[in-house]
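To keep things clear, I will list the structure first and then write my remarks on it.
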Amino acid sequence: MLQTKALTKDAYQLMHDGILAFGRAERQGIRVDVEYCERKKAHLTRKIERVTKQLQNTKLLKLWNKIYGVKTNISSNHQLSRVLYKTMKIKPFKSTASGNQGATDEESLSMLGIPALDQILEIRKLTKVRDTYLDAFVREQVDGTLHPFFNLHIPRTFRSSSSNPNFQNIPARDKQAMMMCRQALYAREGHHWLAVDYSGVEVRMACIYTQDQKLIYDTVHGDMHLDMAVELYKLDSLDKNHSGEKNLRQGGKNGFVFPEFYGDYYGNCVPNLLKWARIATLKDGTPALVHLSDKGLVKLDKKGKVTNTDKFLKHVEKVEDDFWNVRYRTYSKWKKSWWSKYQKRGYIDMLTGFRCSGVMTKNECINTPFQGSAFHCLLWAFIRIDELAYEEEKWDSKPIGQIHDEISIDTHPEELEHVAETVQRVTCIELPEAWNWIDVPLEVEADLCPVNQPWASKQFYELPEVC
DNA sequence: GGAACTCGCCAC
DNA sequence: AAACGTGGCGAGTTCC
């Protein structure tokens, strides 16, 4: 088990002040529209009932009933797994993590092309929103205000966690789920919800630890996700503003660069890269899969389904080799020496003053300093903003939460410009002055909700220049 | 009847 | 040779 302790007085102070600042944010809380939650819950319940009824008439459910009788439970993945992979003798696409049974996650079910399974997935999604989020909002609120906890004593990397309810995993990517959940949450009456987040702060921490000049250049001036997409998909160029081609950049980012940084390898990247290719189109209208086929990387059948990926696999292996041994070779060397130093000493030290000891895997050992330090940047800024809000400048505006690299501030309209400018200054100027080991520029972006509009309504907000 | 586990899924 | 980091949480299941 990885153990962390404050190695320096500064590190201790950061935790101490952080807990107090989070305590004030917890007390301040987040306004929740309870009536909306109840309405939406009822609406979802009706929708779930409708789909459940349709499901009852399917062949799959008739078979399921035959086996399980009155014990039939459509939310039991164990039962579903047995029906699909034992009774119907379908070959599972993959097993669960523990290897106990064939997997029944979204990917495994959707590729079987059985309509009943799509209905099960639909039910899963709606139930998730209703029971994990809307229900929790109603359960946890006091007089129309939520008080999510922000913990500093749990994550092994000295990040934070959140609970009751978890403010850090409210849907964001799935537009539908995002709208349903975030429509429930508001800043105070007459206030804006201002959200400011550090851009690519984990990668910037990697720049600082590794001092890889190419990584620094790409982070500050370049676009590594685009570069890698061009290599991976064998493109001549990529326009990230083109709606079809930007999916390929997303593929480079989420299907390769991030997994590689977390310690994954090319074999796991290939299926993800293909997933993004499936929904991408080149500027001239060529579907990305057809393009890959033209390049000889994959083979397609008459229906356009991928039948062979051997060449693509080999290609991604080569791209990975180049990524670590040429492009970011300094980063690569750092990883090796960092790991061997840990193996010799039994601990690692973060630049923020924490020492981590105990048993760590290689990936843990390498990721911990980036994740931990990145969060500590946000934490330092959060503490400073809390201090300005409550002590030095006595704002009406108040910080109300954070999501690892993002801070939410319940902001009075008349203070908006001052708060935005101050946050920009604290995060990007004061912090690197206080921690002089930060030798790459830090950047933030902001979103804003109009007064009395929910979190779901957030829009890009141009921050004032402070430099 | 509760603790501990598995599985799936939400966030960064 | 090995192979994605950190969390919270709901539902189902198994164990005691």
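Note: hydrogens, waters and symmetry copies are ignored here, and every other heavy atom, side chains too, is used. These numbers were taken from a predicted model, which means no experiment stands behind them. In what follows, every chain begins at residue 1, and chains take the letters A, B, ... in the order their sequences are listed.
- With hydrogens and angles ignored, no donor-acceptor pair closer than 3.5 Å exists between the side chain of Lys128(A) and the base of dC10(B).
- The side chain of Arg139(A) has dG10(C) as its nearest neighbour among dC9(B), dC7(B), dG10(C).
- If you check dA11(C), dC10(B), dG12(C) against the side chain of Asn73(A), the one that comes closest is dG12(C).
- Ring centers of Phe22(A) and Phe382(A): under 6.0 Å apart, within the cut-off.
- Enclosure of atom NZ in Lys362(A) is not indicated, since only 12 or fewer non-hydrogen atoms of other residues, nucleotides or ligands lie within 6.0 angstrom.
- In the interface, the side chain of Gln168(A) is not paired with the base of dG7(C) through any donor and acceptor atom under 3.5 Å apart.
- Across all strands shown, Ser162(A) has heavy atoms under 4.0 Å from sugar-phosphate atoms exclusively, and none from any base.
- Side chain to side chain, Asp33(A) and Gln183(A) fail the donor-acceptor criterion of an N or O pair below 3.5 Å.
- Proximity of a side-chain donor or acceptor of Ser81(A) to a complementary backbone N or O of Asn77(A) within less than 3.5 Å is not detected.
- If you check every strand for non-hydrogen atoms under 4.0 Å, Asn254(A) touches nothing.
- Rounded to whole Å, atom C1' of dA11(C) lies 13 Å from atom CG of Asp135(A).
- Considering only the side chain of Asn363(A), dC4(C) comes nearest among dC9(C), dC4(C), dT6(C).
- Nearest to the side-chain atoms of Pro171(A) among the listed nucleotides dA11(B), dA3(C), dC7(B) stands dA11(B).
- Residue Asn268(A) places its side chain closer to dC4(C) than to any other of dT6(C), dC4(C), dG8(B).
- Nucleic acid contact for Asp264(A): base, since at least one base atom lies under 4.0 Å from a heavy atom of the residue.
- Within the nucleic acid shown, Glu260(A) has no heavy atom closer than 4.0 Å to any nucleic acid atom.
- The listed nucleotides are dG5(C), dC4(C), dG8(C); the one nearest the side chain of Pro259(A) is dC4(C).
- Aromatic ring centres of Phe167(A) and Phe149(A) lie farther apart than the 6.0 Å criterion allows.
- Checking the phosphate oxygens (OP1, OP2) of dG8(C), a side-chain nitrogen or oxygen of Ser161(A) falls inside 4.0 Å.
- Contact check, Thr96(A) against dC7(B): a side-chain N or O comes under 4.0 Å of OP1 or OP2.
- Proximity of a side-chain donor or acceptor of Asn65(A) to a complementary backbone N or O of Leu61(A) within less than 3.5 Å is detected.
- Atoms NE2 (His78(A)) and P (dC5(B)) sit 18 Å apart, rounded to a whole Å.
- When the nucleotides dG8(C), dC12(B), dC9(B) are ranked by their closest atom to the side chain of Leu121(A), dC9(B) comes out on top.
- At distances below 3.5 Å, at least one donor-acceptor pair connects side-chain atoms of Arg204(A) with backbone N or O atoms of Ser199(A).
- Among the protein residues, Glu106(A) comes within range of the sugar-phosphate backbone only, with heavy atoms under 4.0 Å from sugar or phosphate atoms but none that close to a base.
- Using a 4.0 Å heavy-atom criterion, one finds that Ala103(A) contacts the sugar-phosphate atoms exclusively.
- Of the candidate nucleotides dG12(C), dC4(C), dC10(B), dC10(B) has the atom nearest to the side chain of Tyr133(A).
- Side-chain to base pairing of Arg159(A) with dC12(B): one donor and one acceptor N or O lie within less than 3.5 Å of each other.
- Within the nucleic acid shown, Ile154(A) comes within 4.0 Å of sugar-phosphate atoms alone, with no base atom in reach, counting heavy atoms only.
- Checking dC10(B), dG5(C), dT13(C) against the side-chain heavy atoms of Gln79(A) singles out dT13(C) as nearest.
- At least one side-chain nitrogen or oxygen of Thr104(A) sits closer than 4.0 Å to the OP1 or OP2 atom of dG8(B).
- In this structure, Arg124(A) reaches the sugar-phosphate backbone alone: every heavy-atom distance under 4.0 Å involves primed, P, OP1 or OP2 atoms, never a base.
- Close to dG8(C), at under 4.0 Å from its OP1 or OP2, lies no side-chain N or O of Asn164(A).
- Regarding contacts with the backbone of dT13(C), a side-chain N or O of Ser76(A) is found under 4.0 angstrom from either OP1 or OP2.
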